[in-house]
Amino acid sequence: MSNIGVIGTGYVGLTTSVCFSKLGHNVIGFDIDKEKIQVLNSGKSVIFEEGLEDLLEQGLKSGNLVFTNDESSLKDCDYYFLCVPTPQDKDGSADLSYILNACSILSKVAKKNSIVVTKSTVPVNAWREISNYLNRSDLVIVSNPEFLREGTAINDFFNPDRIVVGSSNKEKSVEVLELYKNKVASFVITDNTSAELIKYASNSFLAMKLSFVNEIASLCEKVGANSKDVLLGFGQDKRIGDRFIQPGPGWGGSCFPKDVRALLRVSEKNSQSMELLIATVNSNEKSFARVVDKLENLLGGSLVDKKIAGLGLSFKAGTDDYRESPAIAIIERIIGRGAHVSAFDPVVEIKEKTNFSKFSSLIEVLQGSDAIVVLTEWSEFKRIDPSTVAKLVRQKIVLDARNILDKDAWERSGFKFESLGNWA
Ligand code: UGA
């Protein structure tokens with residue numbers, strides 16, 4: 001078993017820590033946030049992620065998982081996984097300051113001849129800067145991008161499609177690969193720069209795929225086609241694939257928007273224009289606007305002084321993360337056109353002040369509303385009984401921007417119902 005230090009205990013770091021400890025490694029999760037460390041050591045997760053708290057408890061109980069904010073505890077690790085955030089800088093590029101802070105700790109405490117693994121999404125060629133900053137010729141840097149989706153991160157860790165490891169030292173890359181004890185996933189062993197680019201290319205391609213799907217769904221409405229059938233037929237071609245083609249209000253989250261912009265910055269810096277990516281960003285903005293236009297049309301052409309019930313705030317179901325959430329982007333645009341929005345989400349808690357009202361029960365949100373718009377695909381929204389809702393609302397109008405509701409059931413209760421792309 002290996003001794004692994006994980007620097008950063010956010011979505012990626014915490015998942016990586018508990019999963020490596022489940023595989024039997026000795027894991028030290030390090031974070032500068034003392035409060036977080038206390039909470040984690042008491043067995044409580046600091047994020048909402050399916051299955052994570054169970055693994056956390058198991059790891060702490062077995063004694064092979066511990067969290068600390070003491071830098072010196074990291075001195076005996078063989079591998080250091082950098083899992084700190086790389087937020088977006090003012091110009092769209094990724095901000096490396098957290099990574100470099102972590103490197104300054106490692107340059108002091110890292111064990112001789114150990115391996116520093118970059119798991120956070122870092123800009124292409126960041127490994128060079130990391131190497132300079134570490135200033136330790138005995139340390140090898142292996143780039144090992146994460147492909148974890150929030151909400152299914154634990155499953156993605158244990159059942160990845162592929163594991164990518166890149167460095168100038170193939171043996172060290174293989175060592176990192178072997179930590180995953182994965183006999184099934186494909187793997188790619190490459191250099192650092194290519195490994196870093198694989199991550200950006202993957203997220204950007206997926207965002208582009210979704211924008212295309214959303215445009216096709218919108219075209220379905222114009223030409224009278226059914227997007228569910230169109231995408232079913234389209235996805236059956238194995239070269240296209242039937243996964244990740246669910247039309248929605250637009251893509252968001254803490255990764256796609258940031259990574260697409262970061263790749264655009266890389267392309268600009270290298271005088272290599274990426275036209276498809278520019279179009280992808282514009283297309284996503286338009287998909288938010290399309291949802292608002294549809295709602296306005298359903299309400300007879302004006303949103304002024306209308307009371308809208310927004311169902312869902314997280315950027316997708318299964319997470320409490322609302323960073324760059326399409327739900328919030330759309331709510332802001334609805335408010336911008338003069339409406340009042342009341343929102344409900346089963347897990348998101350926004351502590352800051354917002355220009356929309358937040359309620360902790362569906363009934364309060366639906367009461368007296370002129371229209372309901374479904375913005376996140378939480379399964380509990382599928383179970384809402386339209387006949388009960390009919391008694392609460394002022395006008396019976398539903399826009400299902402996630403294509404999850406049963407149109408017939410809502411129409412039977414007298415609702416004017418629309419999905420995206422004539423889905424239902
Ligand atoms: C994404 C990638 O999928 C992961 O592989 C990657 O590791 C991660 O970013 C990251 O860089 O850390 P995540 O941000 O958790 O994962 O979310 P996704 O499940 O990819 O969804 C992104 C957005 O696309 C969401 O707004 C979601 O609602 C939307 N989406 C997704 C659709 O509209 N339709 C789909 O069929 C799938």
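Remember, predicted model here, so these are calculated numbers, not experimental data. Counting convention: from 1, in listed order, for ligands and their atoms alike.
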**Prompt:** Looking only at side chains, do Thr193 and Asn125 share a donor and an acceptor under 3.5 Å apart?
**Reply:** yes
**Asked** For the ring pair Phe20 and Phe81, is the centre-to-centre distance below 6.0 Å?
**Response** yes
**Asked** Are Glu215 and Ser283 linked by a side-chain donor-acceptor pair shorter than 3.5 Å?
**Response** yes
**Request:** Return yes if a side-chain donor-acceptor contact under 3.5 Å exists between Trp251 and Asn214, otherwise no.
**Result:** no
So what's ligand 1 close to, N/O to N/O, under 3.5 Å?
residue	atom	partner	partner atom	Å
ligand 1	5 (O)	Phe147	O	3.3
ligand 1	7 (O)	Glu146	OE1	3.2
ligand 1	7 (O)	Leu148	N	2.9
ligand 1	7 (O)	Leu148	O	2.9
ligand 1	11 (O)	Lys199	NZ	2.7
ligand 1	11 (O)	Asn203	ND2	2.8
ligand 1	12 (O)	Glu146	OE1	3.4
ligand 1	12 (O)	Glu146	OE2	2.6
ligand 1	15 (O)	Glu150	N	2.7
ligand 1	15 (O)	Lys316	NZ	3.1
ligand 1	17 (O)	Lys316	NZ	3.2
ligand 1	19 (O)	Lys316	NZ	2.8
ligand 1	26 (O)	Gly252	N	3.0
ligand 1	26 (O)	Phe315	O	3.1
ligand 1	28 (O)	Phe315	O	3.4
ligand 1	28 (O)	Arg402	NH1	2.9
ligand 1	28 (O)	Arg402	NH2	3.4
ligand 1	34 (N)	Gln246	O	2.8
ligand 1	36 (O)	Ile245	N	3.4
ligand 1	36 (O)	Gln246	N	2.9

**Message:** With no hydrogens and no angle check, just 3.5 Å: does a side-chain donor-acceptor pair link Thr86 and Thr121?
**Reply:** no
**Prompt:** Going by atom types alone, do Tyr79 and Asn144 pair a side-chain donor with an acceptor below 3.5 Å?
**Reply:** no
